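Whatever order the structure lists ligands and atoms in, that order sets their numbers, starting from 1. These values consider heavy atoms only, across backbone and side chains, with no hydrogens, waters or symmetry-generated copies. Owing to the predicted nature of the structure, the values given are computational and were not obtained by experimental measurement.
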Amino acid sequence: MDYTVSLHTHLEGSVRPETFSELMGNDIKADLTVNKNCTSLKEFLDKIACGYPLTQRRQNLKRVAYEIVESASQNNCLYLEVRFGPTLHTSGDMQLEDTVEAVLEGFNEGERNFGVVTRAIISTLRHEDPAVSIRLAKLASKYKDLGVVGFDIAGDEANFKALPHKRSFEIAKEAGLGITAHAGEAGEPGNVKEAILELNASRIGHGIRVIEDKEVVEIAKERGIVFEVCPTSNIHTGAVASIKEHPIKQMVNMGLKVTVNDDDPQTSQITLQGEYEIANDLLDKATTRKNLLINSLEASFVSDTIKKVLLKKIHEM
Ligand code: ADE
Ligand code: ZN
């Protein structure tokens, strides 16, 4: 089995329905996973939110984090960056710090047992008060050398703006964290431009609508911006009408750097290997799995020492 890497996986979209039933005594698989009625990002996010009751307890949040690494290893994943929103897990006893510690414990235990190098990205959400985003950027900075490598903004792009959160991105950048931002998924290509120029993002979550604006394509190319493409998720959020119409090949043909990722694998009931296979079917033969993995690792927020070791494995495959 070929290697995989994911730079864009959400913890909240990785709650196994079986784990939810086991720990909560309630089978909500139908609520947690996509169906035909799910046609917008908002509806997709509402599905993900059905899992929130589980992760309000520290041991449950750690278990979900651990199982993400286990699933990654089943997909022959070499390296994984998982993002999560600390504010989504504090309606029980946990403080923001506790959520980060629980997640990092799960990742560390998973990395030890399964051998998948795993790092965390902290996500703020578009609908949050910008003051909360600043708290989250400071929180991310505090755990920078303990497993947190980046800062992101996620949530409902169709209805909320990213620019009010600019200060939090400055704080994260000053602390030496990697910067990525969801943009151009459920919103216009101008949001991709804003993420690059105002939030200082070196990577864009999705960003598929960039193809609609030549100026933004040029900005992204000049700066070597890397796009975290999540093919099936784009169908489930209504960002793309069908997989045949997915613009990943067009992005590559325009000279953009793309990577393949799974976004919310349990919500979408997909696998990371499956997403690489879909990408392979959509792309020209000239774009190989190896090319995609190199793009991911070069753009990853892991230390240069680990990056070198992992790149060597890919060059030898
Ligand atoms: N949170 C989880 N999945 C997301 C997505 N696809 N877009 C924005 N925020 C998200
Ligand atoms: Zn995402």
Side-chain angles (χ1 to χ4, degrees), residues 5-16 31-34 38-52 54-55 64-65 68 72 80-89 99 103 119-128 132-133 136 150-162 165 178-189 191-192 194-195 199 201 203-210 226-240 243 246-248 258-270 272 275 278 296 299 301:
V5 168
S6 180
L7 300 180
H8 189 131
T9 303
H10 292 262
L11 177 140
E12 293 83 6
S14 301
V15 173
R16 295 178 185 166
D31 299 330
L32 267 182
T33 56
V34 288
C38 194
T39 56
S40 70
L41 176 58
K42 174 73 173 62
E43 285 162 337
F44 188 76
L45 296 174
D46 287 345
K47 289 270 172 195
I48 296 173
C50 294
Y52 294 169
L54 172 70
T55 52
V64 169
I68 294 172
L80 183 61
E81 280 176 17
V82 182
R83 57 195 72 197
F84 73 103
T87 53
L88 301 173
H89 311 285
T99 70
V103 168
R119 297 291 181 267
I121 293 174
I122 287 188
S123 295
T124 189
L125 300 163
R126 284 172 177 264
H127 68 260
E128 293 282 18
V132 171
S133 296
L136 291 174
F151 192 64
D152 166 53
I153 187 160
D156 186 0
E157 187 190 0
N159 293 300
F160 295 91
K161 301 205 168 308
H165 305 275
I179 304 293
T180 178
H182 284 73
E185 176 194 24
E188 55 194 29
N191 290 350
V192 175
E194 177 185 88
L199 306 183
R203 298 189 340 218
I204 301 293
H206 305 280
I208 49 170
R209 289 193 55 192
V210 69
V226 170
F227 289 81
E228 303 160 356
V229 176
C230 310
T232 303
S233 164
N234 293 152
I235 311 308
H236 292 163
T237 61
V240 177
I243 205 70
H246 196 284
I248 188 169
V258 305
T259 63
V260 175
N261 308 275
D262 55 5
D263 209 20
D264 298 286
Q266 290 296 334
T267 317
S268 285
Q269 292 285 291
I270 55 167
L272 187 54
E275 294 304 283
I278 288 169
S296 288
F301 298 146

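- Here the two rings, on His165 and His127, have centers that are 6.0 Å apart or farther.
- For Asp263, every heavy-atom contact with ligand 1 shorter than 4.0 Å involves the side chain, none the backbone.
- Among the backbone and side-chain atoms of His10, an N, O or S atom lies under 2.8 Å from the Zn ion (ligand 2).
- Residue-to-ligand polar distances keep Leu41 apart from ligand 1: every N/O pair is separated by 3.5 Å or more.
- Looking only at its N/O/S atoms, Asp263 has OD1 as the one nearest to the Zn ion (ligand 2).
- Remark: minimum distance from atom 10 (C) of ligand 1 to any protein heavy atom is reached at Leu45 CD2, 3.4 Å.
- The distance from the SG atom of Cys230 to the CD1 atom of Ile208 is 9.0 Å, given to the nearest 0.5 Å.
- Side chains of Asp262 and Thr9: a donor-acceptor N/O pair is present below 3.5 angstrom, by distance only.
- Among His236, Glu185, Arg83, His10, the residue whose heavy atom lies closest to atom 7 (N) of ligand 1 is Glu185.
- Looking at Asn191, its side chain never comes within 3.5 Å of a backbone N or O of Gly184 through a donor-acceptor pair.
- Considering the Zn ion (ligand 2) as centre, the angle to NE2 of His182 and to NE2 of His8 is 90° (10° rounding).
- The shortest separation from a heavy atom of Gly155 to ligand 1 is under 4.0 Å, placing the residue in contact.
- By the criterion of a heavy-atom distance under 4.0 Å, neither the backbone nor the side chain of Glu12 is placed next to ligand 1.
- Taking a cut-off of under 4.0 Å to the non-hydrogen atoms of Asp264, the atoms of ligand 1 that pass are 2 (C), 3 (N), 4 (C).
- Neither the backbone nor the side chain of Glu157 has a heavy atom within less than 4.0 Å of ligand 1.
- Aromatic ring pairs are classed by plane angle as parallel below 30°, tilted from 30° to 60° and perpendicular above 60°; the pair His182 and His8 is perpendicular.
- Ion pair Arg119/Glu81 not flagged as a salt bridge, since none of the NZ, NE, NH1 or NH2 atoms sits closer than 4.0 Å to an Asp/Glu carboxylate oxygen.
- Near Ile48, meaning under 4.0 Å from any of its heavy atoms, are these atoms of ligand 1: 2 (C), 3 (N).
- Residue His206 has at least one heavy-atom neighbour below 4.0 Å for each of these atoms of ligand 1: 6 (N).
- In terms of modelled atom types and a separation under 3.5 Å, the side chain of Glu275 and the main chain of Thr232 share a donor-acceptor contact.
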request  = Decide yes or no on side chain to side chain donor-acceptor pair (under 3.5 Å) for His89 and Glu12, but give the supporting numbers first.
outcome  = CA-CA 10 Å; His89 311 285; Glu12 293 83 6; 2.8 Å; yes

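- In this structure, Asn234 and Thr237 approach most closely via the heavy-atom pair O-OG1, 3.5 Å.
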